[in-house]
Amino acid sequence: MSEWEFLSRLAADADCGLLLDVNNVYVSSVNHEFDPTEYLRNLPHERVVQFHLAGHTHLGTHCIDTHDGRVVEAVWQLYRLAHQLTGGTSTLLEWDAKIPPFPEVHAEVLKAKTYLQRELGPRAEAMESMPETEWQRNLSSGVPHPLHLLSATVE
């Protein structure tokens with residue numbers, strides 16, 4: 001049984017949401033030689049309630065999920081696909097080691113907002129200005145999209 005089949009069955013039997021760590025999908029695809037897009041396409045998209053993004057360390061023969069650098073382009077591309085497949089949900093950028101100055105981390109977080117806005121287009125702008133109850137009612141997927149929580153400024 002593939003990992004995505006296991007997660008699908010687990011989520012259905014437990015009737016729970018899934019945290020989709022996009023970087024982990026990429027790292028595992030390198031280490032275990034599978035197609036990460038097949039993984040994403042076969043998850044129960046309606047159950048994904050949060051995305052995680054992070055950097056990793058590529059050691060030539062394998063990758064380690066180190067959370068110590070920028071998100072690589074291949075992970076951003078998988079994030080875009082995951083967002084398209086699920087209709088989107090909240091995103092958490094994990095950076096746990098070798099943390100650079102705040103402006104660098106913040107710039108990386110804003111890339112996620114850029115990807116979301118590119119995928120949602122006018123829907124993103126409309127959602128940002130809606131009160132929470134209204135934007136929740138306007139979602140066809142039934143999964144709240146907390147895009148309004150993302151901000152380009154630090155409070």
Side-chain angles (χ1 to χ4, degrees), residues 1-58 62-67 69-96 105-152:
M1 175 185 304
S2 67
E3 184 175 325
W4 52 89
E5 289 173 307
F6 174 76
L7 285 175
S8 297
R9 288 186 190 177
L10 177 70
D13 289 351
D15 192 25
C16 67
L18 294 173
L19 181 155
L20 177 54
D21 193 318
V22 181
N23 185 62
N24 283 3
V25 171
Y26 176 78
V27 166
S28 292
S29 75
V30 170
N31 293 341
H32 300 288
E33 300 177 348
F34 64 78
D35 179 358
T37 62
E38 180 182 8
Y39 188 111
L40 294 179
R41 290 183 191 286
N42 287 289
L43 286 175
H45 305 128
E46 71 284 356
R47 293 199 177 267
V48 175
V49 296
Q50 187 175 60
F51 297 124
H52 279 200
L53 297 170
H56 60 269
T57 302
H58 199 297
H62 62 284
C63 291
I64 300 175
D65 185 25
T66 53
H67 297 189
R70 286 184 169 73
V71 177
V72 300
E73 185 57 30
V75 173
W76 284 118
Q77 294 302 318
L78 290 174
Y79 175 65
R80 178 178 288 142
L81 174 61
H83 189 271
Q84 290 169 348
L85 293 169
T86 64
T89 189
S90 65
T91 301
L92 174 69
L93 175 72
E94 299 176 274
W95 201 321
D96 304 330
V105 176
H106 191 234
E108 194 73 358
V109 170
L110 292 178
K111 287 181 189 176
K113 184 173 183 176
T114 300
Y115 274 81
L116 293 178
Q117 288 174 327
R118 213 177 292 154
E119 296 305 321
L120 292 175
R123 182 175 164 212
E125 293 169 16
M127 288 171 64
E128 285 181 335
S129 63
M130 287 182 190
E132 180 176 338
T133 55
E134 186 178 345
W135 61 257
Q136 284 177 331
R137 285 192 302 269
N138 282 289
L139 287 173
S140 59
S141 69
V143 178
H145 192 302
L147 185 61
H148 74 285
L149 297 174
L150 291 176
S151 173

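Numbers for residues simply follow the sequence, beginning at 1.
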Which label fits H56 and Y26: parallel for a plane angle under 30°, tilted from 30 to 60°, or perpendicular past 60°? tilted
Could you go step by step and tell me if E94 and D21 meet the side chain to side chain contact (heavy atoms under 4.5 Å, CB included) rule? CA-CA 10 Å; E94 299 176 274; D21 193 318; 3.3 Å; yes
Rounded distance [0.5 Å steps], CG in L85 versus CG in L20: 9.5 Å
Euclidean distance, D15 CG relative to L10 CG, rounded to 0.5 Å: 11.5 Å
Describe, in one word, how the ring planes of Y39 and F34 are oriented to each other, choosing from parallel (under 30°), tilted (30 to 60°) and perpendicular (over 60°). parallel
Report the C-alpha distance between E38 and R41 in whole Å, list the side-chain angles of each, state the deciding distance to 0.1 Å, and finish with yes or no for salt bridge (charged side-chain N to carboxylate O under 4.0 Å, His left out). CA-CA 5 Å; E38 180 182 8; R41 290 183 191 286; over 6 Å; no
Check the pair H32 / E3 against side chain to side chain contact (heavy atoms under 4.5 Å, CB included), numbers first and verdict last. CA-CA 11 Å; H32 300 288; E3 184 175 325; over 6 Å; no
For the atom pair OG1 (T91) and CZ (F51), what is the distance rounded to the nearest 0.5 Å? 6.0 Å
R80 side, atom CZ; W76 side, atom CH2 - distance, nearest 0.5 Å: 10.0 Å
Are there over 12 heavy-atom neighbours, none belonging to E33, within less than 6.0 Å of that residue's CD? no
Interatomic distance, R70 atom CZ to L93 atom CG [nearest 0.5 angstrom]: 10.5 Å
Taking atom CG of L78 and atom NE2 of H83, what is their separation to the nearest 0.5 Å? 14.5 Å
Can you see which heavy atom on P44 is nearest to which on L18, and at what distance? CG-CD1, 3.8 Å
Is there a side-chain contact between K111 and V71 in this structure, where contact means two heavy atoms from C-beta onward sitting under 4.5 Å apart? no
Applying side chain to side chain contact (heavy atoms under 4.5 Å, CB included) to I64 and V27, what does each step give before you reach the verdict? CA-CA 7 Å; I64 300 175; V27 166; over 6 Å; no
May I ask you to test the N24-H52 pair for a side-chain heavy-atom distance under 4.5 Å? no
Taking C16's backbone N and O only, do any of them form a donor-acceptor pair with R47's side chain (distance below 3.5 Å, no angle check)? yes
Sub-3.5 Å donor-acceptor pair from the side chain of H45 to the main-chain atoms of L40, do we have one? yes
Is there a donor-acceptor pair closer than 3.5 Å between any side-chain N or O of W95 and the backbone N or O of G55? no
Can you check whether C63's main-chain N or O pairs, donor with acceptor, with N31's side chain at less than 3.5 Å? yes
Residue pair L92, Q50: steps toward the side chain to side chain contact (heavy atoms under 4.5 Å, CB included) verdict: CA-CA 8 Å; L92 174 69; Q50 187 175 60; 4.2 Å; yes
